[in-house]
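Here's the structure, in structure tokens; my notes come after.
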Amino acid sequence: MRYWLLKSEPDVFSFADLKKRPHKTEPWNGVRNYQVRNMMRDHMAPGDLGFFYHSSCPQPGIAGIVRIVKEAYPDPTQFDPASEYFDSGSRTENPRWLMVDVKWEAGFKTFVSLDMLRSDPALAGMLILRRGNRLSITEVTEKEWKRICELGGL
DNA sequence: GCCAACGTTGGC
DNA sequence: GCCAACGTTGGC
């Protein structure tokens with residue numbers, strides 16, 4: 001079992017939005033990066049846990065925990081011309097883009113801000129803190145996972 | 001296969 | 001709105 005960090009812009013879809021969904025579950029659609037797609041396909045599995053990270057917003061940081069509840073499967077938005085995620089180069093018989101389903105698992109007692117992540121020496125190696133990192137999903141080590149859960153009050 | 005141009009991400 | 005970083009595109 002692995003640990004992940006998933007970025008989302010809270011204006012578009014927030015951790016609170018996820019909690020309000022039926023079964024607190026939502027397909028993680030819109031991934032259009034090959035590295036991230038491959039990671040979902042090859043390394044993510046139901047049961048894995050992830051941090052829900054708010055990006056591109058006044059207060060970037062981690063709001064809580066989600067669980068991966070469905071393995072990678074074709075993202076239907078790639079075939080929908082009305083969708084902003086439409087990809088005319090993708091074929092139904094060989095879908096280019098995949099998604100997983102995630103479920104709201106637990107909210108942090110304390111929001112773990114980007115500042116808190118940066119200022120903790122135990123987290124200095126995190127991919128999310130690297131300059132220029134643009135992957136919307138990154139893997140988190142078990143040590144990092146436990147430390148961040150402490151910071152979040154869990 | 002190279003690489004310049006362009007687009008996107010995301011913190012500030 | 002700025003800008004650094006990096007992925008993608010497309011001409012050659």
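In what follows, chains are A, B, ... by sequence order, proteins preceding strands, each numbered from 1. Just so we're clear, the structure is a prediction, and the values are computed from it rather than from any experiment.
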Is [Y] reachable from [X] through a run of hydrophobic residues whose side-chain heavy atoms are each under 4.5 Å from the next?
X      : Y      : result
A:Y73  : A:I137 : no
A:W145 : A:M1   : yes
A:L154 : A:L151 : yes

Applying side-chain contact (heavy atoms from CB on, under 4.5 Å) between A:F15 and each of A:Y53, A:F111, A:W104, A:F108, report the one that passes.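 Only match with A:F15 under side-chain contact (heavy atoms from CB on, under 4.5 Å): A:W104.
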Separation of [X] atom [atom1] from [N] atom [atom2], in whole Å?
X      : N      : atom1 : atom2 : answer
A:W97  : C:dG7  : CH2   : P     : 13 Å
A:I137 : B:dT9  : CD1   : P     : 14 Å
A:I128 : C:dA5  : CD1   : C1'   : 14 Å
A:R130 : C:dG7  : CZ    : P     : 12 Å
A:I62  : B:dG11 : CD1   : P     : 12 Å
A:L135 : B:dT9  : CG    : P     : 12 Å

Using a 4.0 Å cut-off on heavy atoms, which residues in [range] reach DNA chain B? List them by number, or say none.
range                       : value
residues 81-96 of chain A   : none
residues 111-125 of chain A : A:L114, A:R118
residues 27-42 of chain A   : none

Counting only heavy atoms not in A:R130, do more than 12 sit closer than 6.0 Å to its CZ atom?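 12 or below, so no.
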Is there a side-chain contact between [X] and the phosphate of [N], meaning an N or O under 4.0 Å from OP1 or OP2?
X      : N      : answer
A:K7   : B:dT9  : no
A:Y53  : B:dG11 : yes
A:R131 : C:dA5  : yes

Name the residue from A:R32, A:Q78, A:R96 that meets the side-chain hydrogen bond (donor to acceptor under 3.5 Å, both in side chains) definition with A:D87.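 For A:D87, the side-chain hydrogen bond (donor to acceptor under 3.5 Å, both in side chains) check succeeds only for A:R96.
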For A:F51 together with A:W4, are the ring centres under 6.0 Å from each other?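 No, the ring of A:W4 stays outside the 6.0 Å limit from the ring of A:F51, centre to centre.
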